[in-house]
Trainee: 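This structure is in structure tokens; I'll ask about it shortly.
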Amino acid sequence: SPQKSLAGKRVIVTSGPTHEPIDPVRYLANRSSGKQGHAIAAAAAAAGADVTLVSGPVSIADPAGVRTVHVETAQQMLAAVEEALPVDIAVCAAAVADWRPDSEGGQKMKKDGSGAAPDLRLVENPDILLSLSRHHTLRPRLVVGFAAETENVIEHARAKLERKGCDLIVANDVSQATGIMGGDRNTVHLVAAGSVEDWAEMGKADVATRLVDRVAEMLVAK
Ligand code: C5P
């Protein structure tokens, strides 16, 4: 049988949102479903890769044939990703919370009857994509990031490619009207240094299969 395109390769995929605790019963989150990231993990496994999927809290099933590590917070996601190194390819599809509440854990916040709302202080989370791209000793040969934008999609993706130091950005327009966030279809643009590919709208599973093909080609060309 013909050799599969990612046979013998190790791949990490991050997927889903993160949940950042405010107190023991509350958290900050976002609308990521994990559908695109999970589909990429499944497609990489189908292409013969040894896949670790690091997933935030999602309501979809673990993909078959993939090692899935479940986490809640960005800090836990980073730790799980580092645990899975070294890899050949990292695809960061998770919608990691940029900030987390600066709470000491502690007790449930209570209304004190004065009508005053508590101050929610936020601190910056670690950037997983950035730390993989700039890893001093174990940088994956290919690092792929996502850019969920609501305007100037390509321009912002280019800036993100530079700032994060990754090899490819998969950019999509997530403005409400597109229905992409949580939906089953996606329209993406692949932005690399000096090139842009605009892909037609297709199902997230097809985006995943084609992306895995593209990434396998890029790995060979490297
Ligand atoms: O600039 P922005 O953070 O929106 O870039 C999104 C990309 O960065 C995605 O690939 C996302 O998975 C990754 N990211 C990350 N860790 C963060 C924030 C974003 O890996 N803390």
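Everything numeric here is computed off the predicted structure, so don't read it as measured data. Counting convention: from 1, in listed order, for ligands and their atoms alike.
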Trainee: Polar contacts were defined as any N/O atom of the residue lying under 3.5 Å from an N/O atom of the ligand; does this apply to Pro126 and ligand 1?
Mentor: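 Checking ligand 1 against Pro126, an N or O pair does fall under 3.5 Å apart.
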Trainee: For ligand 1, which atoms sit closer than 4.0 Å to a heavy atom of Gly145?
Mentor: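 Numbered from 1, ligand 1 contributes 10 (O).
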Trainee: Tell me: protein heavy atom nearest atom 18 (C) of ligand 1, and distance?
Mentor: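 The answer is Val96 CB, 3.8 Å.
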Trainee: Under 3.5 Å between some N or O of ligand 1 and some N or O of Val144?
Mentor: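 In fact, backbone or side chain, Val144 has no N or O that close.
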Trainee: May I ask you to decide whether Asp23 forms a salt bridge with Lys110, counting only side-chain N to carboxylate O separations under 4.0 Å?
Mentor: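 Salt bridge absent between Asp23 and Lys110.
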Trainee: Is there a polar contact between ligand 1 and Cys92, counting only N or O atoms under 3.5 Å apart?
Mentor: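 Cys92 vs ligand 1: N/O contact under 3.5 Å present.
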Trainee: Could you check whether any side-chain N or O of Thr52 sits under 3.5 Å from a backbone N or O of Ala84, counting only pairs where one atom can act as donor and the other as acceptor?
Mentor: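 No: the side chain of Thr52 does not pair with the backbone of Ala84.
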Trainee: Numbering the atoms of ligand 1 from 1, which are under 4.0 Å from a heavy atom of Arg163?
Mentor: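 Every atom of ligand 1 under 4.0 Å from some heavy atom of Arg163: 1 (O).
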Trainee: I'd like to know if Ala94 contacts ligand 1, where contact means a heavy-atom distance under 4.0 Å to any ligand atom.
Mentor: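 For ligand 1, residue contact (heavy atoms, under 4.0 Å) with Ala94 is present.
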Trainee: Any heavy atom of Asn125 sitting closer than 4.0 Å to ligand 1?
Mentor: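 The answer is no: ligand 1 sits nowhere under 4.0 Å from a heavy atom of Asn125.
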Trainee: Hey, does the side chain of Thr14 reach the backbone of Ala94 with a donor-acceptor pair shorter than 3.5 angstrom?
Mentor: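 Yes; at least one donor-acceptor contact below 3.5 Å.
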Trainee: Can you figure out which of Lys164, Met77, Glu124 has its heavy atom closest to atom 5 (O) of ligand 1?
Mentor: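 Considering heavy atoms of Lys164, Met77, Glu124, the nearest to atom 5 (O) of ligand 1 sits in Lys164.
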Trainee: Are Pro17 and Asn30 close enough that some pair of their side-chain heavy atoms sits under 4.5 Å apart?
Mentor: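 They are in contact (side-chain heavy atoms under 4.5 Å apart), so the answer is yes.
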Trainee: Answer yes when Lys35 and Asp184 have at least one side-chain N-carboxylate O distance shorter than 4.0 Å, and no when they do not.
Mentor: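 A salt bridge is present here (some side-chain N lies under 4.0 Å from a carboxylate O).
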Trainee: Do Asn125 and Glu20 have side-chain atoms, one donor and one acceptor, less than 3.5 Å apart?
Mentor: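 Looking only at side-chain atoms, Glu20 and Asn125 do form a donor-acceptor pair, the distance falling under 3.5 Å.
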Trainee: Taking the side chain as every heavy atom from C-beta outward, state whether Arg100 and Gln75 have any atom pair closer than 4.5 Å.
Mentor: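 With C-beta onward as the side chain, the pair touches.
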Trainee: For atom 13 (C) of ligand 1, what is the closest protein heavy atom, and at what distance to 0.1 Å?
Mentor: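 Scanning the protein heavy atoms, the shortest distance from atom 13 (C) of ligand 1 goes to Leu129 CB, 3.7 Å.
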Trainee: Under a 4.0 Å heavy-atom limit, does Ile128 contact ligand 1 with its side chain, its backbone, both, or neither?
Mentor: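 Looking at Ile128 and ligand 1, atoms from backbone and side chain both fall under 4.0 Å.
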Trainee: Using a 3.5 Å cut-off on N or O atoms only, is Lys160 in polar contact with ligand 1?
Mentor: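 Yes, there is a polar N/O contact under 3.5 Å.
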Trainee: What protein heavy atom sits nearest atom 7 (C) of ligand 1, and how far off is it?
Mentor: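 So the nearest neighbour among protein heavy atoms is Phe146 O, 3.0 Å.
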Trainee: Do Ser15 and His38 have side-chain N/O donor and acceptor atoms under 3.5 Å apart?
Mentor: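 Per modelled atom types, Ser15 and His38 side chains form a pair under 3.5 Å.
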Trainee: Whether Arg158 and Glu155 form a salt bridge (side-chain N of Lys/Arg under 4.0 Å from carboxylate O of Asp/Glu) is what I want to check.
Mentor: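 Judged by the 4.0 Å cut-off on N to carboxylate O distance, Glu155 and Arg158 do not form a salt bridge.
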